[in-house]
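Sequential numbering from 1 along the given sequence is applied to the chain's residues. Values below: all heavy atoms of this structure, side chains included; hydrogens, waters and symmetry mates excluded.
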Amino acid sequence: MLDISTPSPAIAPPPPLAHARFTIGGMTCAACAVRVQSALAKTPGVKAASVNLALERADVDFDATHTDPAQLIAAVDAVGYSATSIPDEDGPPPVAEADPAIAAARSDGIRVALAALLTAPLVAQMLFHASGVMIHMPKWAEFALAAPVQFVLGARFYVGAFKALRARSANMDVLVALGTTAAFALSVYRTLIGDGALYYESAAVIITLVLFGKWLESRAKRGTAAAIRALMGLRPDQACVIRDGAEALVPISQLRAGDHIVVRPGERIGVDGVIVAGASECDESLVTGESLPVLRRPGDRVIAGAINGVGRLEVRATAVGRDSTLAKIIRIVENAQTGKAPVQRLVDRISAVFVPVVVVLAAATAITWLAAGGTPDQAMAAAISVLVIACPCALGLATPAALVAGTGAAARTGILIKDIEALERVHGVSTVVFDKTGTLTAGAPEVIDVRFGPGDANRTLSIIASAQTGSEHPLGKAIVTFARKRQAKLSAPRDFRSVTGQGISATVEGTAGEAHRVLVGNDALLKAKRVGVPPGPPPADGATAVHAAINGAWAATFHIADRLRPESPAAIAALKRLGITPVLLSGDHPAVAARIGADAGIDDARGGVGPAEKAAAIVALKHDGAVVAMVGDGINDAPALAQADVGIAMGSGTDVAMETADITLLRSDPRLVAAAIAISRATRRTIRQNLFWAFIYNLIGIPVAAFGLLTPALAGAAMAASSLSVVGNALLLTRWRLKQPIERRIT
């Protein structure tokens with residue numbers, strides 16, 4: 001029968017999302033950040049938008065077929081703020097981008113100084129009156145001093161308030177402009193009629209204190225972001241590249257993978273690469289947190305941002321620009337700093353309605369005072385105090401300031417926290433599961449003993465090690481390294497085959513052209529091939545026995561040990577002080593795992609555990625109520641890392657590890673595991689402290705102001721102090737260091 005049905009159309013895949021970053025100008029409080037974020041989110045084609053008040057930055061994911069960066073900038077402009085696109089160039093932004101912020105801070109400092117100079121006589125008169133000395137400045141002189149403060153130095157508040165009201169929103173500028181204008185206008189009216197108290201000093205003091213607070217706040221915010229700026233400044237502008245046999249200086253943006261770069265003593269390395277000539281000690285402290293210079297020789301990897309020591313290096317570039325380790329580190333830190341904790345989303349919702357509610361409360365305060373028989377002066381002072389003290393700056397800065405400081409301090413120590421969700425999860429970790437090789441141990445096994453069969457030992461070693469040159473297994477590499485130290489001659493094997501979990505087989509040609517069939521592996525491999533192994537002394541505790549056979553006869557037994565890292569016992573002790581249970585899961589022999597576990601201080605050490613069994617063990621731990629972090633290399637332990645609540649990748653960070661792990665440790669120091677949990681807990685604790693004080697401040701401050709217990713000037717000082725206290729508390733995180741004792745704390 002003929003089928004005339006219409007074929008169903010193929011479902012088109014969703015369009016790929018583009019990402020844009022913007023510097024946002026004009027934000028003064030949490031309500032501003034909420035307004036900008038809302039404007040971006042409502043733009044057609046935008047899938048997600050996040051605005052960070054502390055960094056003054058917006059990150060937007062959008063469908064490029066429906067909108068573009070120009071439309072996003074227009075959306076921000078429409079609600080009264082400015083947006084400047086941050087170019088997604090080939091690599092991290094240059095350090096020069098910080099210069100406009102420095103110039104703006106200098107300009108703000110000059111405004112504060114001028115405002116303080118004009119306000120000082122008004123404050124002096126007020127202090128004289130408070131002490132009983134009735135010195136009266138002419139009213140026109142008070143007006144002359146206050147007017148420039150109100151309308152010139154304080155113009156930013158009027159501009160901000162106008163933009164906000166035009167966009168049908170309200171922010172801190174609206175509160176300051178309303179409060180100070182009311183005080184100034186009443187004073188002008190009374191100056192004209194020649195009767196009544198004046199509030200010139202209140203208006204001038206409020207504006208001066210708010211300007212001063214914002215200036216200090218901007219300086220403090222720059223302090224919280226110091227780590228990311230330091231990372232951005234690590235890449236040099238130029239590099240010396242060898243092309244056509246000659247050395248030439250070229251801009252760093254023109255480098256390509258495969259270029260040969262010359263790095264002279266004292267210069268900063270501009271690319272990730274491999275040393276092809278020369279040797280030197282490299283200072284990688286600002287990238288990995290490693291405090292001491294590291295010796296690098298031909299064949300060793302170097303990373304962009306490291307400082308070369310006294311040797312001349314020739315480096316073959318393997319990753320440049322945005323593909324370099326440094327650029328990836330910056331992106332990970334930036335992503336973590338621009339994220340929003342669940343509690344911050346609640347704060348955003350509160351901030352969106354906070355300012356209108358405060359205006360209503362201020363009006364209600366004035367009406368209540370008048371209805372209760374208070375004087376117009378009392379009603380005006382109380383209403384102005386409510387307007388000024390209620391600015392939601394502290395609420396808006398509580399979470400982002402702590403996040404920027406905490407993740408920056410972690411990055412400086414060599415700990416990359418991927419996002420705010422990872423930060424939230426890691427603080428609650430109760431069990432840490434370690435892989436053995438490369439985490440608690442050095443990951444570079446060594447031959448500690450060898451027993452050869454009959455014949456020439458050097459010739460036997462040469463044949464066995466040649467077979468292992470095709471192996472990537474750490475035990476095979478240990479045999480090759482041992483042979484090279486003994487100056488054995490090696491050749492390339494043929495018919496190389498790996499037997500998973502047992503060893504290898506290969507064919508090696510002898511010096512006379514004869515072919516030798518070689519087996520290297522564990523007892524199971526040799527038994528399967530019916531090769532008898534003569535009895536011998538057992539391997540030392542923590543060592544693994546590897547047997548070798550040549551042409552079907554036993555030839556040698558190697559005892560290989562992967563030594564415990566010297567930092568491992570301290571790392572396990574630090575975890576226990578944090579109240580965390582360490583567990584070791586290893587694919588090695590149970591006796592080896594038990595010895596390594598005992599030496600490190602781990603009570604629960606299990607050997608003979610394959611990748612699938614590791615994942616199952618983590619599921620079982622979670623079923624028992626544990627919050628589990630898995631520490632591995634990010635590749636071989638992928639199933640276990642995926643099952644864990646938090647995946648932690650050890651080492652200098654492979655591409656897979658840096659992209660998939662919740663936390664990446666930039667150097668192979670197991671102490672960083674406890675440090676990551678400690679900084680996570682400290683950051684979360686700081687966020688909770690900041691939010692507590694920000695909410696308490698408003699809950700107490702608004703009623704106190706409404707009852708007339710605060711003058712407008714004191715309200716302005718208190719408002720500025722609240723923001724500074726929140727940012728100052730966050731700044732304490734920037735002083736966090738790995739060397740401080742890691743102790744258990746109740747959170």
Solution key, residues 309-319 side-chain donor-acceptor pairs under 3.5 Å, sequence neighbours excluded:
| from | atom 1 | to | atom 2 | distance (Å) |
| --- | --- | --- | --- | --- |
| Arg312 | NH2 | Glu247 | OE2 | 2.7 |
| Glu314 | OE2 | His260 | ND1 | 2.9 |
| Thr318 | OG1 | Asp272 | O | 3.2 |

Test side chain to side chain contact (heavy atoms under 4.5 Å, CB included), reference Pro493, set Thr469, Thr507, Val518, output is Thr469
Only counting residues at least two apart or in another chain, list the ones meeting side chain to side chain donor-acceptor pair (under 3.5 Å) with His547. Asp523, Thr557
Would Glu281 and Arg296 count as a salt bridge (charged side-chain N to carboxylate O under 4.0 Å, His left out) if you check the C-alpha gap in whole Å, the side-chain angles of each, and the deciding distance to 0.1 Å? CA-CA 6 Å; Glu281 289 188 335; Arg296 299 298 186 200; over 6 Å; no
Holding to side chain to side chain donor-acceptor pair (under 3.5 Å), I want the full list of residues that pass it with Ser505, two or more places apart in sequence or in another chain. Arg517
Arg530 atom CZ, neighbour heavy-atom count above 12 within 6.0 Å: no
Where the side chain of Ser680 meets the backbone of Ala676, is there a donor-acceptor pair that is under 3.5 Å apart? no
Got a donor-acceptor contact below 3.5 angstrom from the Ser430 side chain to the Val627 backbone? yes
Could you check Asp669 against Arg565 for salt bridge (charged side-chain N to carboxylate O under 4.0 Å, His left out), going step by step and ending with a plain yes or no? CA-CA 8 Å; Asp669 185 344; Arg565 292 184 185 276; over 6 Å; no
With a 4.5 Å limit on heavy-atom distance, are the side chains of Thr407 and Thr683 in contact? no
Report, as yes or no, whether the 6.0 Å neighbourhood of atom NZ on Lys622 holds more than 12 heavy atoms from other residues, nucleotides or ligands. yes
Walk me through it: do Glu514 and Arg459 pass the test salt bridge (charged side-chain N to carboxylate O under 4.0 Å, His left out)? CA-CA 13 Å; Glu514 73 278 18; Arg459 179 173 175 272; 3.3 Å; yes
For Ala483, give me all partners under side chain to side chain contact (heavy atoms under 4.5 Å, CB included), at least two apart in sequence or on another chain. Leu461, Ala465, Ala488, Leu490
Could you tell me which residues satisfy side chain to side chain donor-acceptor pair (under 3.5 Å) with Asp599, sequence neighbours excluded, listed by chain and number? Arg595
What do you reckon, is CZ of Arg494 surrounded by more than 12 foreign heavy atoms closer than 6.0 Å? yes
At what distance, to the nearest 0.5 angstrom, does CD1 of Ile269 lie from CD1 of Ile275? 7.0 Å
Distance from Ile261 atom CD1 to Cys240 atom SG, nearest 0.5 Å? 8.0 Å
Backbone N/O of Arg264 and side chain of Glu267: donor-acceptor pair under 3.5 Å: yes
For Gln487, check side chain to side chain donor-acceptor pair (under 3.5 Å) against everything at least two apart and list the hits. none
Ignoring hydrogens and geometry, is there a side-chain-to-backbone donor-acceptor pair from Asp300 to Arg297 under 3.5 Å? yes
Going through the distances and angles, do Arg451 and Asp449 end up as a salt bridge (charged side-chain N to carboxylate O under 4.0 Å, His left out)? CA-CA 7 Å; Arg451 180 167 54 100; Asp449 190 23; over 6 Å; no
